[in-house]
Structure formats: structure tokens, C-alpha cells
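Starting from 1, each residue takes its place in the sequence as its number.
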Amino acid sequence: MTDHPASRLYLDHAATTPILPGAMAAAAEAMTHWANPSSPHAEGRAARAALEAARARIASAYGWSGETILTSGASEALAIALGRGVAARRLISAVEHDAVIRAAPTADVLRVGTDGLIDSANLQRVLAGQPTLLAAQWCNSETGVRQPIAAIAGIVHAAGGLLLVDAAQMPPGADADVAHHADFIAISAHKRGGPPGVGALLVRDVATLSPTGGQERGYRSGTENLPGALGFAAALAAPEDVAAMSLLRATLDDAITRSGGQIVAPAAPRHPAIGSYRMPGLGAATQLIRFDMAGIAVSAGSACSSGSMKPSHVLGAMGWSVEASREVVRVSFGRSTSAADVDRFIKEWRAISRAARAFAA
């Protein structure tokens, strides 16, 4: 394995990406003029105006013309929609984020194929005309697999249902189908270079969501996070070069394949900045330690629970064995990722893989 480099390489942007300077400055500026946006005095009215301007900028970035409910993040946005969406039945795909599973513990589960995609024919059979709220992610945070939102929405709406899209991993402008077809969209600031602790639930028709009173037009209680909203809006104004990221991932895919690794769902449509890779013969936990020692931050393809690695429910739903799924790590890019960064990761991946094979021989 190579010597410890002088600088760290961060390749875990799907977990969170560093706050952009513009977003940090916007949030800090708001803190210097802080007032409660719900207060009726002049300071409160000024805060309200700033909050509404930020709300409009967030909606505009995603091409959204419906309601925008500011939340503490995508997890809360998902919980609001799943808890209060006006539909008798809940249905989630088998590869949804843990936040969806926690928010809808009694939901029916829709299977996916080995490519991680929802099967349209099976979805039609499962809905069978029942008014249902379906939660389907735009992109899986572990594998990068993207769901066909337009096709899914057509089936759900034909059955009289509603579609909730977890778009936490979606850059603004990356997929017009989401804003065009979804009834609810959950988004998060810290995935896009904004501050943590703020997100939004985009709602096409508020009549499909039960109110509870309080702030956010009566759909979410609690003092509004003005600094967070302004930081979120500022982050969304900074472009993300998804075409460049796609080329970087293609380079990584090719190198991993030629080096004896395995790509998760190589034939499926995938996020340009997320890839999951299996290194046969070496567990993900060990890989993470070795990459970290080499100054590279990546994440495991399985979740951490109570201090021990448990098999990924996502890979399990795609037909992966427990043994194979424990050998998968995720690599994810951000605005700062360069070709040199990818080359450095590839070099280290090969060194770790060679050492593992030599040890096993």
C-alpha cells in the first residue's frame, strides 16, 4: 500500500458534501440580522421577506411551481409526506433509504430487479387500482441506480395514487421528469453544498397533505430556520458539472472492472457521481480502514448499526449474497473532485486489492 499522502481525499459526497463558501456566507449574514420570521414587528417582517425570497429561490432551482415547505432535512420531509399524505395505503420500494423505512414501518414493500429498478408491470399489478402513496427514490444513495420516475408516475396516477420522490441526491436541473410528475419531493441542503439541518418538502397540491397547524402555512411547526434557508438557496445557485462527474465515474468503472472488481448494477441508469464497487475477498470494513489510512474517505455499501456492519438491505433486495454485499464500498464525487483524485483512488484500490490477494494466496 502507498505511503500516507500529505492531503486527504474526500470521496463521500453522497453522505454530505462540504458547505460552499457562498452558502456559508449567506447563512452567516442571516445570523447577524436574525429575527423570528413569524414576529409582526419590522425586524420580523424583514426576516419573513428574506425567508420567502429564499423559499422562492429553492423552488425555482428545482423547477417547482407548487408549495415549498421548509424542513430540517430530507428525512423530515419524507416523514411529513408519508405520515400525512392523503392516501389510505403506503407502498415503498425495497431499496428505499432507511429514513423512508422508519417513516412508514407498516408500508407494503415493492420488490426490485437485480438492476435495482422497479418493474413497471409488477407495479401495475401491486397497485391494482388502489389509491396509494408510493415512495420511490430518484437515485439510490448506495448504488447510484436511478428510477424511471416518469414511467412510475404514470402508473401511480392511473391507479389514482400519489408519488413521493426522495430527491436528496438529485442536483437541481438533473431530471425535469421529477418536477413534472411527482406529487411530493424531498430535498436536502447538505447534499448540495448547503448547511446541515435544512431541507424541503415540495408539494404539488396541499389538499393532498393533512395540516397540523403552526408555521409553514400550517404544515410544519417550529421557528423557521432563516439562516439555513438562505444558505440552502445560495448553494443551489452554484452549478454542478454532472457531465464532468459522469466522465470521472466512467473512468473509475473501467479501472475497477479491469482490476478484478465488480460494479454494482453496471447496466442500470446511474447517478453520474455515485458508484458502488465490490473488491472480492476483502470486507468493506477492512477496505474503509485501509483507504482511510491512505488518506481517502469513502463509505461502505452496508449500514453501520450498534458498532457492527450489517448486510445492506439494498444489495439484498437486488439479489446479492450477504458475503458479496459485505465487500462493497461506495465512491461518490462532488464539485471539487478531479481526474487526479480518481486516479489516486484507482491506484490505492489496486494496491489494496493486490495486498488482499497476496495474503489469501
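Partner Ile92 forms a side chain to side chain contact (heavy atoms under 4.5 Å, CB included) with one of Leu78, Val100, Leu133 and no other, that one being Val100.
Listed for the Arg350 side chain is no donor-acceptor partner under 3.5 Å among the backbone atoms of Ser259. In this structure, Arg220 contributes its side chain and Ile80 its backbone to no donor-acceptor pair below 3.5 Å. At distances below 3.5 Å, at least one donor-acceptor pair connects side-chain atoms of Arg8 with backbone N or O atoms of Asp292. Judged by distance alone, with hydrogens and angles left aside, the side-chain atoms of Gln287 form a donor-acceptor pair with the main-chain N or O of Leu282 at under 3.5 Å. Side-chain N or O atoms of Arg84 include one that pairs as donor or acceptor with a backbone N or O of Ser210 at under 3.5 Å. Here the side chain of Glu327 pairs no donor or acceptor atom with the backbone of Arg278 at under 3.5 angstrom. Not a single donor-acceptor pair under 3.5 Å links the side chain of Glu142 to the backbone N or O of His97.
With sequence neighbours left out, Gln169 forms a side-chain hydrogen bond (donor to acceptor under 3.5 Å, both in side chains) with no residue at all. Applying the side-chain hydrogen bond (donor to acceptor under 3.5 Å, both in side chains) rule to Thr17 yields the partners His13; only residues at least two apart in sequence or on another chain are considered. Residues that satisfy the side-chain hydrogen bond (donor to acceptor under 3.5 Å, both in side chains) test with Asp341, not counting sequence neighbours, are Ser338.
Looking at Leu247 and Thr251, their side chains never come closer than 4.5 Å, going by heavy atoms from C-beta outward. A heavy-atom distance below 4.5 Å is not found between the side chains of Tyr277 and Val264. Residues His157 and Asp183 meet the side-chain proximity criterion, which asks for heavy atoms closer than 4.5 Å. Put simply, the side chain of His313 does not reach to within 4.5 Å of the side chain of Ser325, judged on heavy atoms. Taking the side chain as every heavy atom from C-beta outward, Phe333 and Leu11 approach each other to under 4.5 Å.
Listed by first then second residue, pairs satisfying salt bridge (Lys or Arg N to Asp or Glu O under 4.0 Å) with a partner in residues 166-181 read Arg146-Asp175, not counting sequence neighbours. Contacts classified as salt bridge (Lys or Arg N to Asp or Glu O under 4.0 Å) and involving residues 191-207 (residues at least two apart or in different chains) are given here: Arg192-Glu240. Judged as a salt bridge (Lys or Arg N to Asp or Glu O under 4.0 Å), the pairs with a partner in residues 108-122 (not counting sequence neighbours) are, in order, Arg89-Asp108.
A salt bridge links Asp253 to Arg249: one of the charged nitrogens lies within less than 4.0 Å of a carboxylate oxygen. Classification of Arg217 and Glu52 as a salt-bridged pair holds, one side-chain N sitting under 4.0 Å from a carboxylate O. In this structure, Glu348 does not pair ionically with Arg344, as no charged nitrogen and carboxylate oxygen lie closer than 4.0 Å.
Aromatic ring orientation, Phe291 versus Phe345: parallel (interplanar angle below 30°, classes split at 30° and 60°).
Residue His180 qualifies as open at atom NE2: its count of foreign heavy atoms under 6.0 Å is 12 or below.
Neither Met245 nor Tyr10 shares a network with the other; the hydrophobic side chains, linked directly or stepwise wherever heavy atoms of I, L, V, M, F, W or Y lie under 4.5 Å apart, form separate groups for each.
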> Hey, mind stepping through Val298 and Asp12 against side chain to side chain contact (heavy atoms under 4.5 Å, CB included) and telling me if it holds?
Replying inline: CA-CA 5 Å; Val298 294; Asp12 196 20; 5.8 Å; no
> Given Leu315 and Thr143, is the side chain to side chain contact (heavy atoms under 4.5 Å, CB included) satisfied, shown in steps?
Replying inline: CA-CA 8 Å; Leu315 296 179; Thr143 66; 4.0 Å; yes
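Between the side chains of Glu224 and Ser38, a donor-acceptor pair is found at a separation under 3.5 Å.
For the residue pair Pro227 and Ala30, the shortest heavy atom distance occurs at CA-CB, 3.6 Å.
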